[in-house]
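Every chain is numbered from 1, with letters handed out A, B, ... down the list of sequences. The figures that follow rest on heavy atoms only: side chains count, while hydrogens, waters and symmetry mates do not.
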2 protein chains.
Amino acid sequence: MATGRSHRPATRSRGIPEATVARLPLYLRALTALSERSVPTVSSEELAAAAGVNSAKLRKDFSYLGSYGTRGVGYDVEYLVYQISRELGLTQDWPVVIVGIGNLGAALANYGGFASRGFRVAALLDADASLAGRLVAGLPVRHIDELEAIVADNQVSIGVIATPAGAAQEVTDRLVNAGVTSILNFAPTVLSVPDGVDVRKVDLSIELQILAFHEQRKAGEGRQEPDGDVPAVMPA
Amino acid sequence: MATGRSHRPATRSRGIPEATVARLPLYLRALTALSERSVPTVSSEELAAAAGVNSAKLRKDFSYLGSYGTRGVGYDVEYLVYQISRELGLTQDWPVVIVGIGNLGAALANYGGFASRGFRVAALLDADASLAGRLVAGLPVRHIDELEAIVADNQVSIGVIATPAGAAQEVTDRLVNAGVTSILNFAPTVLSVPDGVDVRKVDLSIELQILAFHEQRKAGEGRQEPDGDVPAVMPA
DNA sequence: CCATCTTTGTGCACGCGTTCACAAAGACAT
DNA sequence: ATGTCTTTGTGAACGCGTGCACAAAGATGG
Ligand SMILES: NC(=O)c1ccc[n+]([C@@H]2O[C@H](COP(=O)([O-])OP(=O)(O)OC[C@H]3O[C@@H](n4cnc5c(N)ncnc54)[C@H](O)[C@@H]3O)[C@@H](O)[C@H]2O)c1
Ligand SMILES: NC(=O)c1ccc[n+]([C@@H]2O[C@H](COP(=O)([O-])OP(=O)(O)OC[C@H]3O[C@@H](n4cnc5c(N)ncnc54)[C@H](O)[C@@H]3O)[C@@H](O)[C@H]2O)c1
């Protein structure tokens, strides 16, 4: 039946709730640690503690994937690692390009956890011609003009943006135009992308401001803050 | 009823919903851009577009702060910048320590947007004695043993962790013990902290995995299946 | 085979967050 | 002053996410 799929409500992924998807990597990390310690099985209670979530939530999350547990025993660690990996699409190779090899881009390129889960850095791109050819994390920096060819040749579908904010939209447009359909944005800008392209953002400044908000509240907790510290400056 | 015994639902901040708090920095950024262009007023529709959110959501968000708009006109940009800054606690100075001055920590120290909103890097700390004294972004790296003294002397309440995962909990414990009550964690680990301490995490690997999940769905959707609900379940 | 014990899987209720839709407020023109 | 037009502020409905609580499933021991 033709269900109304006009726009994307940002949820509803083939029955797996978005909130669950966001936690699967967390479970996977905890399970991988157990696997390395050769732990055969784990209960929802133990795994939930390791992942820092509620055990009922974890069980419900897993129930979306299927009935992979054994009552009275728990979950088989290896089996669950495989199932979650498969569900997340980590059993295949994901070529990634990083655009903007400055302080942050270089750090990302050097990040070991990058390649550890099927993500392979296909290329490092920068507009600064003087960087071209320079090795960063063992890879040569290529000029941004090679973007389209590199994305096409390597079938890159994921792009990471670590350029200044002013260049982020332009880089996004080029990435999308070249065929990239997932973008991880570190620049502090809102990106416009067509339907079908996913954008996730990492913003240090926003995180700090959220912490500051709560910090401020903690500081003024015992004391009643009078609301009168706003002078009568009325808007025009 | 009798079940009203919740410790901390992670929400309920003096009436301002957590989801709203998380968007305030977004609005602030858009408003700051308008302010720099000397735009005097802005409608909820325009500002929402700039911040990438729904206009009704924006208006409701602002309604938690007060009635700062003028019907038929919109919001006074300067006034709103001030109100949001004050609400977020950005009118005061927030000393921050960064622990773990490796690839990422150095990039963070060099990040300009850090100081732009009242966040001041009080110190850079690392366990590697050979780094001590070295200048990063104009600041000398101090040894981790100075942590307690630095936090106390500078009244640091926010700590950023950029150490390897294995050291993150230990660093957290020391930070908390020294008086830090807000932590931004870049290490891929779940941190345990006592009540009253806020932790926010930034995890590149998790973001990529979420993107990969959706990317996988895209790849297997528009191809063969016309409206396929269940695309070929792989047996184990 | 039966009893007991552990742990899963989920029905259910509740609260938060989002969005629609519109009355009210105010600016502005006449 | 009065009418018109724009835009805010919010009541209400709805859907998603969370967590409780428990029946069912299955392991284990006798
Ligand atoms: N450094 C951090 O810790 C940090 C933290 C949060 C966010 N950010 C954001 O990440 C981005 C990068 O930060 P950074 O500190 O690495 O800056 P940077 O100036 O060190 O690096 C930016 C790089 O992007 C390149 N570049 C500029 N325009 C380009 C274009 N059109 N195409 C390709 N490359 C281009 C530059 O040549 C430079 O090498 C910024 O948007 C910054 O706000 C950085
Ligand atoms: N580099 C990235 O782009 C990136 C991205 C995501 C997450 N991370 C995470 O951020 C962390 C840092 O990454 P990195 O690439 O900068 O690693 P790195 O090895 O370059 O730097 C780690 C630094 O921490 C210091 N350190 C180790 N133990 C310490 C301790 N007990 N106290 C104080 N300092 C200590 C080390 O001396 C080193 O300088 C890691 O947990 C990594 O997984 C990094």
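As rounded to whole Å, 16 Å separates atom P of D:dG19 from atom CZ of A:Phe62. Between the P atom of C:dC16 and the NZ atom of A:Lys57 lies a distance of 14 Å, rounded to the nearest Å. Nucleotide D:dC16 holds its P atom 22 Å from the CD atom of B:Glu18, rounded to whole Å. The separation between A:Asp61 atom CG and D:dG19 atom P is 11 Å, rounded to whole Å. Remark: P of C:dT19 and CD of B:Glu45 are 13 Å apart, rounded to the nearest angstrom. For the pair A:Leu58 CG and C:dG9 P, the computed distance is 10 Å after rounding to whole Å. Atom-to-atom, CG of B:Asp76 to P of C:dG26 comes out at 16 Å; the value is rounded to the nearest Å. Look at CD1 on A:Ile16: it is 15 Å from P on D:dC16, rounded to the nearest Å.
One finds no side-chain N or O of B:Ser44 lying less than 4.0 angstrom from the OP1 or OP2 phosphate oxygen of D:dT7. A sub-4.0 Å separation between OP1 or OP2 of C:dG9 and a side-chain N or O of A:Tyr75 is present. Contact annotation: A:Asn54 reaches the phosphate of D:dC20 (side-chain N/O to OP1 or OP2, under 4.0 Å).
Nearer the 5' end of DNA chain C, as judged by each residue's closest nucleotide, is the contact made by A:Gly69, out of A:Gly69 and B:Ala19. Nearest-nucleotide positions on DNA chain D for A:Thr70 and A:Thr20 put A:Thr20 closer to the 5' end. Ranked by how close their nearest DNA chain D nucleotide is to the 5' end, A:Arg23 and B:Ser43 are led by B:Ser43.
Of the candidates C:dA27, D:dG17, D:dG19, the closest approach to any side-chain atom of A:Ala56 belongs to D:dG19. Nearest to the side-chain atoms of A:Arg71 among the listed nucleotides C:dG17, D:dC20, D:dA24 stands D:dA24. The side chain of A:Arg59 lies closest to D:dC22 when the candidates are C:dG17, D:dT18, D:dC22.
Residue contacts shown for A:Tyr64 are absent, as no nucleic acid heavy atom lies under 4.0 Å away.
Classification of B:Arg217 and A:Asp198 as a salt-bridged pair fails, no side-chain N sitting under 4.0 Å from a carboxylate O.
For D:dG19, the base has a donor-acceptor partner in the side chain of A:Lys60 [N/O atoms by modelled type, under 3.5 angstrom].
In this structure, B:Tyr68 has its ring center under 6.0 Å from that of B:Tyr79.
There is a side-chain donor-acceptor pair under 3.5 Å between B:Gln209 and B:Ser205.
In this structure, the separation between CH2 on B:Trp94 and CD on A:Gln216 is 6.0 Å, given to the nearest 0.5 Å.
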